Amino acid sequence: MKIDLNSDMGEGFGPYRLCDDEAMMKIVSSANIACGFHGGDPDTMGRMVRLAKLNGVGIGAHPGLPDRLGFGRREMPFQADELRQQMLYQLGALMAIARAERVTVSHISFHAAMGNMVNRDPVLADLMMDAIVTVDADLVVFVTSGSEIEQAAKRARLKTLAIFLADRAYDAGGKLVARGLPGAVIKDEAAVRARVRKFLLDSSVETIDGGVIAMPARSILVHSDTPGALELAGIVRGEIEATGATLAPATELAE
């Protein structure tokens, strides 16, 4: 089996960094690069693109809301077309930086509140996917299985790749547990190892209440801002290799 391992990266700005991006880039097969709104800046974006190129890692845009203080995790009352323009602005910026380095952006993964807003609104989801098609119809859209983004991407005939969040808890309905609730962010190495092993062996995950749900995904995400992210990503990669699976970039696995 082939599987993608991805992380949201370059989410610091200026001299501030959340993660050892250089080390993380040696572990993952896909990087979702912050595009300057919730995190990142032109210099950081360029550095991430060069690191991805050096390590043979797939390059993805990670657009979010313009809210550095809230790290893009607080919803803001933008109109649908405002969100569309914000997404296009960020995607276009990363595509230009990548082109200058003679590489291409291969996928897009919405960050936090922006993704939540799109996933609640099928009209907005269609608007966003149609905009992506006009820019690059070959972009792969990272999705959660069964989400509005996934359905809209398929309506727009965009390729998708479903992701499993190794460091976040799920409820019985397959939705992420809100970050403010106890147990929502999983930082314990043994717990992450067990979750990933279960996912790899039978495509399922234990929910926060002890149940088990199906998790049809081909990519595993580790957030770079989760405490101990680098160690957790190493554990995930180790489990992938221990089960006989091999890493592959999103473009090889998208459907």
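Everything quoted here is computed from the prediction, not taken from an experiment.
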[atom1]-[atom2] distance between [X] and [Y], expressed to the nearest 0.5 angstrom:
X    : Y    : atom1 : atom2 : answer
M117 : L83  : CE    : CG    : 4.5 Å
Q79  : L124 : CD    : CG    : 10.5 Å
L247 : E252 : CG    : CD    : 10.5 Å
E148 : M128 : CD    : CE    : 13.5 Å
L200 : F164 : CG    : CZ    : 8.5 Å
N55  : M25  : CG    : CE    : 7.0 Å

Which Ile, Leu, Val, Met, Phe, Trp or Tyr residues join V185 in one cluster when any pair of side-chain heavy atoms under 4.5 Å counts as a link? none
Residues that, via side-chain heavy atoms closer than 4.5 angstrom, fall in one hydrophobic cluster with L181: V177, I208
Under a 3.5 Å distance rule, please check whether [X] uses its side chain to pair with a backbone N or O of [Y] as donor and acceptor.
X    : Y    : answer
R73  : H111 : no
T207 : Y170 : no
D41  : G14  : yes
Q151 : G146 : yes
H62  : A31  : no
R195 : L165 : yes
R218 : A254 : no
E239 : I235 : no

Is there side-chain contact between [X] and [Y], with heavy atoms separated by less than 4.5 Å?
X    : Y    : result
H38  : M114 : no
M87  : I132 : yes
S219 : L253 : no
M45  : V49  : no
F78  : L65  : yes

Which residues pass the ring-ring contact (aromatic ring centres under 6.0 Å, His included) test with F110, sequence neighbours left out? none
Decide side chain to side chain contact (heavy atoms under 4.5 Å, CB included) for L94 and I59; before the verdict, give the C-alpha distance in whole Å, the side-chain angles of both, and the deciding distance to 0.1 Å. CA-CA 9 Å; L94 185 65; I59 297 169; 4.3 Å; yes
Of all the heavy-atom pairs spanning [X] and [Y], show the shortest one and how long it is.
X    : Y    : value
I27  : R237 : O-NH1, 2.9 Å
M215 : V205 : CE-CG1, 3.7 Å
S224 : E11  : OG-OE1, 3.4 Å
G10  : T44  : O-CG2, 3.6 Å

Residues pairing under salt bridge (charged side-chain N to carboxylate O under 4.0 Å, His left out) where one sits in residues 13-32, two or more places apart or in two chains, turn out to be R17-E22, E22-R47
Who pairs with [X] by side-chain contact (heavy atoms from CB on, under 4.5 Å), at least two apart in sequence or on another chain?
X    : value
V135 : L88, L91, M95
A191 : I186, D188
A153 : M129, V141, L158, T160

Qualifying ring-ring contact (aromatic ring centres under 6.0 Å, His included) pairs with a residue from residues 224-255, counting only residues at least two apart or across chains: none
Tell me, which pairs form a ring-ring contact (aromatic ring centres under 6.0 Å, His included) where one or both residues lie in residues 229-255, sequence neighbours left out? none
Check the pair E206, K198 against salt bridge (Lys or Arg N to Asp or Glu O under 4.0 Å), reporting the backbone distance first and the verdict last. CA-CA 8 Å; E206 184 175 336; K198 184 170 183 56; over 6 Å; no
Full working for side chain to side chain contact (heavy atoms under 4.5 Å, CB included) between L69 and D67: CA-CA 6 Å; L69 288 177; D67 177 23; 4.2 Å; yes
By the side chain to side chain donor-acceptor pair (under 3.5 Å) test, which pairs, at least two apart or in different chains, include something from residues 120-145? E75-R120, D126-R155
So which pairs with a foot in residues 92-110 pass side chain to side chain donor-acceptor pair (under 3.5 Å), sequence neighbours left out? N32-H107, R50-E101
Of D4, N6, T251, the residue whose pairing with S30 passes side chain to side chain donor-acceptor pair (under 3.5 Å): D4
Go through the steps for D171 and D209 under the test side chain to side chain contact (heavy atoms under 4.5 Å, CB included), then give the verdict. CA-CA 7 Å; D171 64 19; D209 59 1; over 6 Å; no
Check the pair T226, R168 against side chain to side chain contact (heavy atoms under 4.5 Å, CB included), reporting the backbone distance first and the verdict last. CA-CA 10 Å; T226 296; R168 291 293 312 280; over 6 Å; no
Crowding at NZ, K53 (>12 non-hydrogen neighbours, <6.0 Å): yes
Residues that S7 engages under side-chain hydrogen bond (donor to acceptor under 3.5 Å, both in side chains), provided they are two or more places apart: none
